[in-house]
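Each remark here refers to the structure printed beneath this line.
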2 protein chains.
Amino acid sequence: MKRLTLKDVARMAGVAPSTVSFVLNGKAKQMRIRDEVAQKIMSVVNQSGYEPHRVAVNLRTGQSKTLGLIVESISGSFFASLARTIETEAERLGYNVVYCSTENNAEKGGELIRMLGRQMVDGYLITPAPGMENEIRRLLQMHKPVVLMDSYFPGIKAPYVLIDNFHGVQLGMDHLFERGYRKIGYVTVDVSLIQLAERQRSYTQALKKKDIPFRKKRVLELNYHDSREQNLATLEAFIQENSDMDAIFFATNYLGILGLEAMGRLKISMPKHMAAICFDDHDIFRLYPPGITVIEQPIEGIAAKAISLLMKQLDKQSGPLRESQVALPGRLIVRSST
Amino acid sequence: MKRLTLKDVARMAGVAPSTVSFVLNGKAKQMRIRDEVAQKIMSVVNQSGYEPHRVAVNLRTGQSKTLGLIVESISGSFFASLARTIETEAERLGYNVVYCSTENNAEKGGELIRMLGRQMVDGYLITPAPGMENEIRRLLQMHKPVVLMDSYFPGIKAPYVLIDNFHGVQLGMDHLFERGYRKIGYVTVDVSLIQLAERQRSYTQALKKKDIPFRKKRVLELNYHDSREQNLATLEAFIQENSDMDAIFFATNYLGILGLEAMGRLKISMPKHMAAICFDDHDIFRLYPPGITVIEQPIEGIAAKAISLLMKQLDKQSGPLRESQVALPGRLIVRSST
DNA sequence: AATACTTACAAAATCGATTTAGCACAGGTG
DNA sequence: CACCTGTGCTAAATCGATTTTGTAAGTATT
């Protein structure tokens, strides 16, 4: 009950192993194999149920047919949707996916990339976190196919796919304006991610567009390294000090969830006392009464586009492609918090 | 800038490739390599930063050093915690993990297992779903190392690790009794999973223990194949028909979340009008006011134990081990819904 | 002194594929 | 008839490791 090998198939078909290989890899024409022989081989293959040994193929060709997906946290909802789409897309194209999470740990990020390198993945899909710059640069230098998602590093010329952060915040702000909110606060976090900067820029811009003066007091930048409890306290204080605010814009879903908890504790009911809107959807925002209005990321679109960019790099190493930067529009989901 | 191979190292150290291999694989003593030579080789290896080509090793030894983790849904919170622990544990032992989700699709489950087989994973960690019986039997017949998690099939002798479902429900019921609840409803779903049967048995048993008559009307079995909306409606009807109930026990966190929504719609406030308790924790239960009391699964424990059982099978194929069945105790987390 | 047995490595086979080079035969050309 | 050109396949090299077998030199045994 051993595994069937190419050799076995060749023997059964009465030809040489190389011939079988040619036929199976679609090089029958090129190698001038007679149709008769090719058909004979195919029938033997089908009847015996032979399948090539992936490891052997990998060793010989140097192609593992595996992609590495590196995300911040494997338990995040962003990852969940991303992984699903990427996996099905990859499978369709004959690739497997290996997931890795950095767990918000820059060191581990580098280690992971190296680990995947040892594993010989053919390409990388990465949601970059601060501290991974050098590793990503190294990959590019080695001409490894890479696509960044969700974020990018301004100094590094790698292809990336993300939501149009500026546009997304504009959508949200316009919605708030439309509903009559004017005293809009903004809660963000002090991580140096380009998308956070972009979102904040968009917030300021939106105010300016409406001739509403920007007030520093209305913006809270939480400290990433502080504990959850600490941040919750800071957030509560911020809300109390800005008791005249009529709406808060949360820059990430983590912040939004924190916001729900803070407002819950302060017995502030949405949208009566204060409206809330959050960038990036989450299960909780759908379920938590009264339902939180959000800007939803086009995660499936991001995943699909990222895969397609990666495949373009894998097909032919000729294409430099270093300049493919894509921003997809987000979607406003109006719930009852605004 | 090509990859360093064993041959290169051998040349640099002035020995044969086989000698290097022996030293690197700890067979220096056995093969009577002089300490001098071994040290020389080690120093060359360290200085050159040589690392064996995993694919080549895999081909030669037949060990991929990869485990397959098959779960129902990659986006579930159960999976999230599971994956984290399993991945770190596996890494510590020099193994990689490939994740796959069946997405509640029996067909896909079988396909996945076959796919992993082609990939040549060394062992399988599976959260079994109905319909996967045959595939799992096949794996056992092929003497592939397998460990089931979270559930199992009564007819199949495979090692498994799960929460002690009976004990878990008892914990919850005892807690409800202690708080004075007596008219306790039970909501479950009609999937033929052993753990659901076990939980329901425990519910009935708990009532009997307290001499509370079992009332069929108090138990709702939702239809798995019905739509979410449909189930929500059924659940609402159930709650209204049992308006004298003082508490509801939800058998899974999916049901619990549905329950939150139903009670929200009916404007039933917890725990004033009705208490709620749920088997299996979820982020939402922590955040949703007033916080839902749950029985938490010892997910990390399950993962760790599962890995260790799998490793035992991988170490020596001699141990049959088919009878290792482990049930770990759950933990009651009291929040304000009871 | 011939034989056997260790020691300490080297050589070669092997895993299962892909790919390059080669080879026998048929037909066409000068 | 020698020479070239296609055909249609096979033989052998290759990927990078592991593992079995081989072997030269030194020591012990009879």
Side-chain angles (χ1 to χ4, degrees), chain A residues 1-42 44-45 48-66 94 117-122, chain B residues 1-42 44-45 48-66 94 117-122:
Chain A
M1 184 63 176
K2 275 175 293 188
R3 197 181 216 286
L4 216 55
T5 75
L6 189 80
K7 231 174 176 170
D8 299 326
V9 175
R11 196 161 12 78
M12 287 155 75
V15 296
S18 41
T19 311
V20 179
S21 175
F22 293 140
V23 171
L24 283 178
N25 291 306
K27 296 184 180 157
K29 294 270 146 46
Q30 193 187 322
M31 285 293 134
R32 317 172 266 228
I33 310 293
R34 269 181 302 159
D35 279 1
E36 269 176 78
V37 179
Q39 276 167 31
K40 166 77 180 168
I41 289 174
M42 284 314 289
V44 171
V45 166
S48 64
Y50 164 77
E51 288 215 36
H53 194 297
R54 292 197 64 159
V55 177
V57 175
N58 183 344
L59 175 60
R60 183 60 234 241
T61 64
Q63 297 223 320
S64 62
K65 289 285 176 184
T66 299
R118 264 182 270 147
Q119 283 256 340
M120 322 216 70
V121 305
D122 292 341
Chain B
M1 186 63 178
K2 275 174 294 188
R3 198 181 213 286
L4 216 55
T5 76
L6 189 80
K7 232 176 179 170
D8 299 324
V9 174
R11 195 162 11 79
M12 286 156 74
V15 296
S18 42
T19 311
V20 178
S21 176
F22 293 140
V23 171
L24 284 178
N25 291 306
K27 295 182 180 158
K29 292 270 147 43
Q30 194 186 324
M31 286 292 134
R32 316 171 267 227
I33 310 294
R34 268 180 303 161
D35 279 1
E36 269 175 77
V37 179
Q39 276 167 31
K40 167 75 181 169
I41 289 174
M42 284 314 290
V44 171
V45 166
S48 65
Y50 164 78
E51 288 214 37
H53 193 297
R54 292 196 65 156
V55 177
V57 175
N58 184 346
L59 176 59
R60 183 59 235 242
T61 63
Q63 297 224 319
S64 62
K65 289 286 177 182
T66 299
R118 264 182 271 147
Q119 282 255 341
M120 323 216 67
V121 305
D122 292 342

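By convention in this document, chain letters (A, B, ...) are assigned in the order of the sequence lines, proteins followed by strands, and residues within each chain are numbered from 1.
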> Has Asn25(A) got a side-chain N or O lying under 4.0 Å from the OP1 or OP2 atom of dT18(C)?
Replying inline: yes
> How bent is the helix from dA1(C)-dT30(D) to dG30(C)-dC1(D), comparing axes over its five end pairs at each side, to the nearest 10°?
Replying inline: 80°
>> Looking at dA17(D), I'd like to know if its phosphate oxygens (OP1 or OP2) sit under 4.0 Å from a side-chain N or O belonging to Ser21(B).
In response: no
> Can you check the Lys65(B) NZ to dA17(D) P distance for me, whole Å?
Replying inline: 16 Å
> Rounding to a whole Å, what distance do you find between Leu6(B):CG and dT19(D):P?
Replying inline: 12 Å
> Between dT18(D) and Thr61(B), is there an OP1 or OP2 to side-chain N/O distance shorter than 4.0 Å?
Replying inline: no
> Could you give all pairs that pass the side chain to side chain donor-acceptor pair (under 3.5 Å) test and reach residues 27-42 of chain B, with sequence neighbours left out?
Replying inline: none
>> Side-chain N or O of Tyr50(A) versus OP1/OP2 of dG16(C): is the shortest distance under 4.0 Å?
In response: no
>> Taking any heavy-atom pair under 4.0 Å as a contact, classify Arg34(A): base, sugar-phosphate, or nothing.
In response: sugar-phosphate
> Could you give the CG-to-C1' distance, from Asn58(A) to dT18(C), as a whole number of Å?
Replying inline: 12 Å
> How many Å lie between CZ on Arg3(A) and P on dA17(C), as a whole number?
Replying inline: 7 Å
>> Tell me the interatomic distance from Lys27(B), atom NZ, to dT18(D), atom P, rounded to whole angstroms.
In response: 8 Å
> So which one's nearest nucleotide on DNA chain C is more toward 5', Ile33(B) or Leu59(A)?
Replying inline: Ile33(B)
Between protein and nucleotides 10-14 of chain C, what N or O pairs are separated by less than 3.5 Å?
unit_1  : atom_1 : unit_2   : atom_2 : d
dA10(C) : OP2    : Ala16(B) : N      : 2.7
dA10(C) : OP2    : Thr19(B) : OG1    : 2.6
dA11(C) : N6     : Ser18(B) : OG     : 3.1
dT14(C) : O2     : Arg60(B) : NH1    : 2.5

> Do Tyr50(B) and Leu24(B) come within less than 4.5 Å of each other through their side chains, counting heavy atoms only?
Replying inline: yes
> Do the side-chain N or O atoms of Lys7(B) get closer than 4.0 angstrom to the phosphate oxygens (OP1, OP2) of dG16(D)?
Replying inline: no
